[in-house]
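Inspection log for the structure reproduced underneath, given as structure tokens.
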Amino acid sequence: QVQLVESGGGLVQPGGSLTLSCAASGLAFSVYPMGWYRQAPGQTRELVARFTSEGTTYADSVKGRFTISRDNDKKMVYLQMNNLTLDDTGVYYCTTIRGGYWGQGTQVTVSS
């Protein structure tokens with residue numbers, strides 16, 4: 001069956017960096033757009049970054065700080081997050097964008 005497993009979350013100070021990873025299995029990974037969403041406490045889940053047919057797109061709040069990348073051979077997708085702020089706190093989810101597959105999420109907490 002399809003599995004998406006996120007890792008790399010944790011506690012980081014403002015201004016710090018984290019790299020999230022998502023390991024996919026059970027699907028033809030390269031045909032899926034892939035992306036990252038996040039959900040802050042009491043908020044709806046929002047798109048952070050994703051691949052599109054033209055390249056990549058990012059939420060305005062993370063442009064210039066976050067970078068999404070992928071390795072189709074390893075069936076991995078990554079989210080490099082730099083200059084983290086308190087507003088970046090939340091659970092980060094990996095998704096296929098199409099097909100409705102989601103990971104279980106990884107917690108990112110930005111706090112001093």
Side-chain angles (χ1 to χ4, degrees):
Q1 74 275 21
V2 176
Q3 279 194 313
L4 301 176
V5 181
E6 302 97 334
S7 60
L11 174 63
V12 62
Q13 291 186 336
S17 298
L18 280 176
T19 299
L20 306 183
S21 300
C22 173
S25 60
L27 77 168
F29 179 78
S30 63
V31 306
Y32 288 92
M34 303 303 297
W36 290 92
Y37 277 69
R38 70 184 178 191
Q39 188 165 17
Q43 307 271 343
T44 57
R45 197 173 293 188
E46 63 173 354
L47 176 68
V48 175
R50 62 159 289 177
F51 288 94
T52 69
S53 57
E54 290 78 34
T56 55
T57 188
Y58 296 88
D60 287 342
S61 60
V62 308
K63 282 180 182 176
R65 301 188 297 120
F66 290 14
T67 303
I68 188 171
S69 61
R70 65 191 295 165
D71 185 330
N72 287 340
D73 290 336
K74 295 182 179 178
K75 294 188 177 181
M76 297 287 295
V77 62
Y78 306 97
L79 186 67
Q80 173 68 44
M81 306 186 295
N82 298 324
N83 194 20
L84 286 160
T85 72
L86 300 179
D87 290 340
D88 295 317
T89 293
V91 180
Y92 284 70
Y93 298 91
C94 174
T95 177
T96 53
I97 302 294
R98 285 191 295 107
Y101 300 112
W102 294 83
Q104 82 289 347
T106 186
Q107 176 70 46
V108 172
T109 302
V110 184
S111 175
S112 56

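By the 4.5 Å heavy-atom criterion applied to side chains, Val48 and Met81 are not counted as neighbours. Annotation: side chain of Asp88 is not in contact with side chain of Leu18 (no heavy-atom distance under 4.5 Å). Contact check for Met34 versus Leu4: side-chain heavy atoms found under the 4.5 Å cut-off.
The main-chain N or O of Tyr37 is never found under 3.5 Å from a side-chain atom of Arg50 such that the two would form a donor-acceptor pair. Counting only distance, with no hydrogens or angles, the side chain of Arg45 and the backbone of Tyr93 share no donor-acceptor pair below 3.5 Å. For Lys75 (side chain) and Gly26 (main-chain N/O), no donor-acceptor pair under 3.5 Å exists by modelled atom type. Side-chain atoms of Thr95 come within 3.5 Å of backbone atoms of Tyr101 as a donor-acceptor pair (strictly under, hydrogens ignored).
Of all heavy-atom pairs between Gly100 and Thr96, the closest is N-OG1, 3.9 Å. Looking at every heavy atom in both residues, Val31 comes nearest to Arg98 through O-NH2, 2.5 Å. Nearest heavy-atom pair across Ala24 and Phe29 is CB-CD1, 3.5 Å. The heavy-atom pair separating Ser61 from Arg38 by the smallest distance is OG-NH2, 3.3 Å.
Under the side-chain contact (heavy atoms from CB on, under 4.5 Å) criterion, Asn82 pairs with Ser17, Gln80, sequence neighbours left out.
When hydrophobic clusters are built by joining Ile, Leu, Val, Met, Phe, Trp and Tyr residues whose side-chain heavy atoms come closer than 4.5 Å, directly or via intermediates, Val77 is grouped together with Val108. Note: the hydrophobic cluster containing Tyr32 does not contain Met76 (ILVMFWY, side chain heavy atoms under 4.5 Å, direct or indirect links). No chain of hydrophobic side-chain contacts below 4.5 Å, direct or via other Ile, Leu, Val, Met, Phe, Trp or Tyr residues, connects Val5 to Val2.
Separating the CG atom in Leu27 from the CD atom in Gln3 is a distance of 11.0 Å, to the nearest 0.5 Å. In this structure, the separation between OG1 on Thr67 and CG on Leu79 is 8.0 Å, given to the nearest 0.5 Å. Taken from CZ in Phe66 to CG in Asn83, the straight-line distance is 9.0 Å, to the nearest 0.5 Å. In this structure, Ile68 CD1 and Phe51 CZ are separated by 4.5 Å, a value rounded to the nearest 0.5 Å.
Residue pairs meeting the disulfide (SG to SG under 2.5 Å) criterion with at least one partner in residues 16-112, sequence neighbours excluded, are Cys22-Cys94. Sequence neighbours left out, the pairs with a member in residues 102-112 that pass side-chain hydrogen bond (donor to acceptor under 3.5 Å, both in side chains) are Glu6-Gln104, Gln107-Thr109.
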